[in-house]
Each structure stands twice: as structure tokens, then as C-alpha cells.
Amino acid sequence: MKLKNFIICFFLILGFTFFTLYPGQVKYDIIIKNGKVFDGSIRPSFRADVAIKNGIIVEVSKSIEGKASRIINAKGLYVMPGFIDMHTHVDRGMYFPENRACLNYLLQGVTTVIVGQCGSSAWPIFEKAEDQMERWSEEGIGPNAALLIGHGTVRQIVMGMEDREPTEEELEKMKLIVKEAMEQGAYGLSTGLIYLPGRYAKTEEIIELAKIVAPYGGIYHSHIRNEREKLLEAINEAIRIGEEANIPVHISHFKVMGKSNWGLIRKACDLIEEARSKGLKVTADQYPYRFSSNNPYRSLIPKEVWLGESEGLTQKDIEEVLDYLRDNQLIELYSKITPYFPLSPRHIQFLNDLPRKRLVSLVARTIFDINHGPENTRERMLFLKRLNDPIEGKKIREEVKKYIEEWVGAENFIIAICVEKKFEGKSLKEIAKILGKSIEDTAIELELMGAKAIPFQMCEEDIEYIMRKDWVATGSDGVAPFYGIGLPHIRSYSTFLHKIKKYGIERKTVSLSHIIRSQTSLPAEIMNWKDRGWIKKGYKADIAVIDLKNIKIKTSVSNPHQYCKGVKYLLVNGVLTIDKDEWTGKLPGEVIRLKKTATD
Ligand SMILES: [Zn+2]
């Protein structure tokens with residue numbers, strides 16, 4: 001017995017000594033072996049293993065030996081930095097816990113999103129930047145996120161929806177809110193100068209607010225004032241803001257819309273390149289599609305032609321009824337219809353401070369959600385009555401024809417959803433030919449069937465021209481939708497892999513490494529991140545392992561809620577979020593905060 005005990009003790013001590021002397025026999029958390037690596041630069045892929053420990057890439061070399069908790073065999077696959085989406089609106093959806101993972105983005109290989117775009121703040125209505133950052137950090141998010149402060153939200157808090165310049169005092173208030181957000185770790189300011197209330201702001205107002213952001217090392221992101229015939233003026237305005245506020249300028253979803261403006265993008269690029277040659281930091285992002293908007297589905301008949309003289313129920317009608325209620329009743333009603341519930345103290349404060357007229361209009365706007373169109377039986381009946389009248393009917397047909405021709409042309413009006421499946425994906429022009437009818441009669445017939453069309457407002461030549469620029473990153477402009485609900489733009493499901501597949505592999509517009517750079521190291525450089533966007537020793541382990549040869553884009557305009565296939569593994573801060581094509585249920589994303597550098 002004694003001897004046996006001795007032997008047991010001996011081996012226990014031996015084992016203990018062995019593990020003490022050789023701590024971390026498991027040297028790495030993960031090794032990705034046998035893959036081909038795109039490191040984030042424009043150099044072609046090369047064979048290498050990648051080792052990860054504690055969320056950091058600790059080694060990249062031809063062959064890595066040593067034990068790891070997990071070895072991923074990436075033979076036949078490509079290893080690259082996780083994608084950084086320069087422009088998304090996922091923060092709206094991410095307000096709701098079920099969307100926190102942003103699975104539609106993880107499955108595209110996206111590991112970081114920049115939110116608070118187009119002048120609309122990241123934190124849904126009147127919550128402090130800090131509160132949102134705290135909540136996301138505590139509860140977890142799929143990809144990492146950096147936040148911008150939206151000029152439109154700030155202006156709305158201070159001045160409501162008023163179409164005028166701010167007073168001195170109001171401007172000071174706006175500056176304070178921006179400063180507060182920067183102190184809390186926001187990355188910069190965004191504007192949406194085509195939206196309300198952004199549209200009401202003069203250039204000088206934006207310059208003043210951008211000047212608050214600049215000393216922090218923040219950036220100015222802009223949905224510029226015009227993306228059509230006045231594109232060049234809008235680009236010049238953005239450049240002027242950068243010059244005068246001494247801040248890097250980033251142009252969001254760079255494009256030009258409307259058939260008659262196609263090609264203007266070249267001159268816009270010249271303006272940007274001229275500014276860059278003078279040393280100004282001007283960059284842009286784009287999404288690789290010919291159609292815009294997170295709600296790209298349109299009627300084939302313009303609303304005013306459909307409704308005719310009768311406007312139907314308007315927001316004003318509802319305001320008139322609501323005006324009979326007292327303030328506290330209005331707030332009570334509002335709290336029952338807003339999705340941002342329970343209301344934050346800041347939100348309640350905001351409602352209490354609102355002038356009566358604005359409170360009524362806010363509640364009315366939140367309630368007002370009438371479905372116009374062929375499913376509205378009252379409107380349908382009235383429309384058909386007018387259509388069958390010889391004089392009215394002729395007028396309607398002329399107006400429908402004009403609307404289609406002047407906008408994009410029947411050849412660029414694509415039927416996305418239709419009860420007649422054979423028409424899906426075809427242009428209005430093609431369908432008119434099949435039916436042997438005029439464009440306008442075809443449009444009316446399809447509209448009455450409940451068909452949904454998408455106007456292709458951009459052209460392929462412009463998309464490819466922009467894509468070749470080495471200062472253009474990728475930004476999806478998409479959302480985090482409730483899976484299966486509504487009709488989002490397919491960019492929410494496919495931007496990053498679609499760009500690789502269509503423009504890198506099929507059309508060869510640019511090299512694969514050029515595209516991968518545009519969605520990894522370039523956005524990291526624009527955001528001034530020194531620890532993301534590369535497969536390099538010392539960088540954060542945000543890594544996508546993709547089967548580039550077998551990418552499957554399943555989303556389509558007829559069936560948008562379809563995840564991409566191709567991302568085999570995805571690491572966010574060293575944690576596997578996609579493992580063999582499937583979500584692991586993990587939420588390891590971090591809120592990336594701008595470290596304070598302001599001196600004053
Ligand atoms: Zn925008």
C-alpha cells in the first residue's frame with residue numbers, strides 16, 4: 001500500500017512539475033491551418049497559418065506547430081480580415097435584442113459596423129451615446145460597432161423640425177450635445193443633408209459642429225446634399241466642411257442617381273482627387289447595386305396620380321383629432337405606440353419640453369401609417385372609377401407614362417414581386433412586349449395586381465468606375481431587419497460577398513485583393529484604427545474564412561430575406577461566431593470608442 005501511495009504521489013508531483021514548467025501546453029486558442037491568406041493589402045493571397053491567443057493574432061507564418069484548443073483546417077479556403085462596413089443603419093434594428101447578432105452581416109463576413117449614419121444618431125431617440133454603448137457592451141453584440149453622432153438628431157432635439165438657422169444659443173446647445181457624445185466615445189459626426197431636418201442646415205452650421213469633433217481625432221461622414229444633378233456642388237460642400245473644420249471627410253454611399261446624370265461621377269471623382277492631392281483627407285464608400293434605398297420597392301403609378309383629387313387620410317386629419325387631447329394624454333398615447341419602450345428619462349424629458357404643436361405632430365406621425373395602394377379598397381374603387389372615365393383615364397395614362405420615362409425609363413424599371421412569377425426580374429419594357437400592350441397600360445395592370453417594382457437609378461459603368469478608386473471603401477447602407485419581415489434592400493444580406501463574386505470573380509472589374517482591401521484595411525485606415533483590418537501579428541483577431549469559389553448569394557429582389565453562403569468561419573475578437581456555416585450563438589462584438597485626445 002505504501003509503495004502504491006508513493007508511486008501515486010511521485011507521478012502526481014511529476015505531472016504537476018511538468019505542467020508548471022511547461023505552462024500553456026495549449027499554446028494557442030485557435031490555429032487556422034492550410035488556408036490562403038489575403039492580409040488586407042493589395043498583394044495576392046499567400047499560403048500561411050494563422051494563430052490566435054486571447055483575441056489577438058499572435059503568429060502568421062508558413063507553418064505553425066504547437067497545441068491549440070481548436071484547429072481549423074482551411075484547406076481550399078481563404079483567410080482574410082473580417083469585413084468592416086463603413087456605412088450601416090443596423091443600429092435601428094439592434095435596438096431590439098433579437099437583432100443584436102446582426103446575423104445577416106456575420107454571414108457576409110462582417111465583423112465591424114459603423115452606425116449612427118445619415119444624420120440619424122445611433123442611439124434610438126434621445127438616449128445618451130453612453131447608455132447605448134453600455135447596454136451593447138453588457139448584453140453583447142454580433143459584430144463590433146463604432147458610433148457616430150447624427151446631426152439631424154441633435155438638431156431635432158434642440159430645434160425640432162424648424163426650417164431656419166439656429167440662434168446663437170441653439171447652436172451652443174447643439175455643440176454641447178456633440179461634445180458630450182465625443183467625450184463618451186463617439187467617432188464623429190454624420191449628416192443627412194437630403195433628409196429633414198438636415199436639409200434645413202446651412203454649411204456654416206455643419207462646419208461649426210464639425211469643429212467640435214476635429215480635436216478629438218473624429219471624422220465627418222456625410223450623406224451629401226444632392227446625389228443627382230447637383231452632385232458636384234454637394235461634393236464641394238463636403239470638401240469645404242473638411243477644409244474649414246480641419247477634419248477628415250467621408251462621403252457615404254457615393255453614387256449618382258437618375259439616367260440623365262449618369263457619368264457625372266467622373267467629375268465628382270476629379271474633385272475629390274484634387275482635394276486629396278492638396279493633402280485633404282477625403283474618402284468614400286459604395287454599395288455594389290444599381291438601386292438605392294432600404295425600401296427600394298416602388299409603385300408603378302405615382303401616388304398623386306393614384307389618389308387623384310382625394311388625398312385620402314392624411315397626417316393632418318389625425319392631428320386635428322389629437323388636438324382635443326391634453327398633453328399628458330398625448331404622451332400616454334405616444335408611450336403605447338412607440339417601439340422604443342420603456343421610454344428613457346431623457347426621452348420623457350424631451351416630450352415634456354416639446355411645444356404643444358410639435359407634440360401633436362409627433363404623436364400623429366407615430367400613429368400615421370396608412371397603406372396607400374391597390375390593397376386599400378376605398379382607393380382602388382376610386383381609382384378604377386377615374387380610369388374608366390374617358391377624359392380622366394387618358395390623363396392618368398399620360399401621367400404614368402411620363403413618370404416612368406422621366407425617372408429611369410421602362411427598361412430600367414424592374415418588376416421584383418408579382419403574382420405572375422414569370423414577370424419577376426423582367427423590366428417593364430420586356431413585359432409590355434410580352435403582353436403586347438403600351439408601357440402605361442402594362443404598368444397599371446401590374447399595379448392593380450399588387451406588383452412591386454424597383455427603379456434602377458444607377459448605372460453599371462459608374463459603379464465600376466467608383467470601385468476602381470483606391471480611396472473607395474465598402475459600405476452596405478443596409479439594416480438589421482426582423483428576419484422575414486418586410487422588404488429590405490438585398491444589400492442588407494449580400495453586399496460584401498456579392499461585391500467579391502460579381503466584380504472580383506465574374507466581371508474581374510478589379511482584383512480580389514483590391515476588393516478585400518476596400519472592406520478591411522482601407523476602412524480601418526479611414527477610421528484611424530491601428531489594430532483592426534489586417535491579418536498581421538498583434539492585430540485583433542477579426543477573421544473571416546471564406547470559400548471564395550463557392551459563394552452563394554441567395555437573396556433576390558423577389559425574395560430578399562435569404563442569408564449568404566460562403567463564410568465558413570468567422571472570428572470576432574478571437575471568438576468563433578460562425579463555425580462551419582452556422583452561428584454559434586455568441587455575441588463577442590465590442591463597442592469601439594474613440595479615445596479622448598482633445599486637449600481643451
Ligand atoms: Zn444615407
Side-chain angles (χ1 to χ4, degrees), residues 84-94 105 110 113-125 145-156 186-201 203 206 209-210 219-231 233-235 237-239 241-242 248-258 261 265 268 272 282-298 454-458 462-463 466 472-481 488-492 495-496 519 523 526-527:
I84 298 171
D85 192 335
M86 277 302 278
H87 187 98
T88 76
H89 295 280
V90 293
D91 37 343
R92 283 289 156 89
M94 281 171 76
Y105 280 94
V110 172
V113 293
I114 297 153
V115 300
Q117 299 283 358
C118 298
S120 184
S121 262
W123 36 104
I125 318 185
L147 286 73
L148 303 172
I149 174 128
H151 158 259
T153 305
V154 176
R155 196 179 212 272
Q156 199 186 340
Y187 254 91
L189 179 74
S190 81
T191 53
L193 300 177
I194 65 152
Y195 300 116
L196 296 180
R199 217 190 298 166
Y200 301 144
T203 314
I206 316 289
L209 296 176
I219 179 170
Y220 171 58
H221 283 233
S222 185
H223 179 150
I224 56 176
R225 216 176 277 274
N226 192 294
E227 295 177 322
R228 297 174 184 273
E229 68 287 350
K230 288 189 181 149
L231 176 73
E233 286 97 310
I235 295 279
E237 182 187 26
I239 292 173
I241 292 164
V249 174
H250 184 77
I251 291 158
S252 304
H253 41 62
F254 187 34
K255 62 179 173 296
V256 69
M257 293 190 285
N261 305 314
I265 212 75
I272 292 170
V282 188
T283 50
D285 61 67
Q286 77 166 154
Y287 52 81
Y289 299 97
R290 288 191 57 199
F291 52 101
S292 65
S293 174
N294 271 312
N295 177 18
Y297 299 82
R298 295 284 176 270
I454 295 185
F456 278 33
Q457 301 198 70
M458 286 85 87
D462 285 357
I463 292 172
I466 296 171
V472 174
T474 308
S476 69
D477 203 2
V479 295
H489 191 303
I490 57 170
R491 63 195 181 192
S492 293
T495 296
F496 292 83
Q519 40 210 44
I526 295 171
M527 295 303 287

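Just follow the structure's listing: the first ligand is 1, and inside any ligand the first atom is 1. Each residue takes its place number in the sequence, starting with 1.
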**Asked** Under 3.5 Å, is there a donor-acceptor pair between the side chain of Ser190 and the main chain of Gly119?
**Response** yes
**Request:** Let me know which of Gln286, Gln117, His223 forms a side-chain hydrogen bond (donor to acceptor under 3.5 Å, both in side chains) with His253.
**Result:** His223
**Prompt:** Which protein N, O or S atoms does the Zn ion (ligand 1) have within a distance shorter than 2.8 Å?
**Reply:** Cys118 SG, His223 ND1, His253 NE2
**Message:** Is it the case that the side chains of Asp477 and His89 hold a donor-acceptor pair, with the cut-off being a distance below 3.5 Å and no angle test?
**Reply:** yes
**Request:** Give the ring-plane orientation class for His250 versus His221, where under 30° counts as parallel, over 60° as perpendicular and anything between as tilted.
**Result:** tilted
**Asked** If you measure from the Lys or Arg side-chain nitrogens to the Asp or Glu carboxylate oxygens, is any gap between Glu233 and Arg225 under 4.0 Å?
**Response** no
**Asked** Is the closest side-chain donor-acceptor distance between Ser120 and Tyr195 under 3.5 Å?
**Response** no
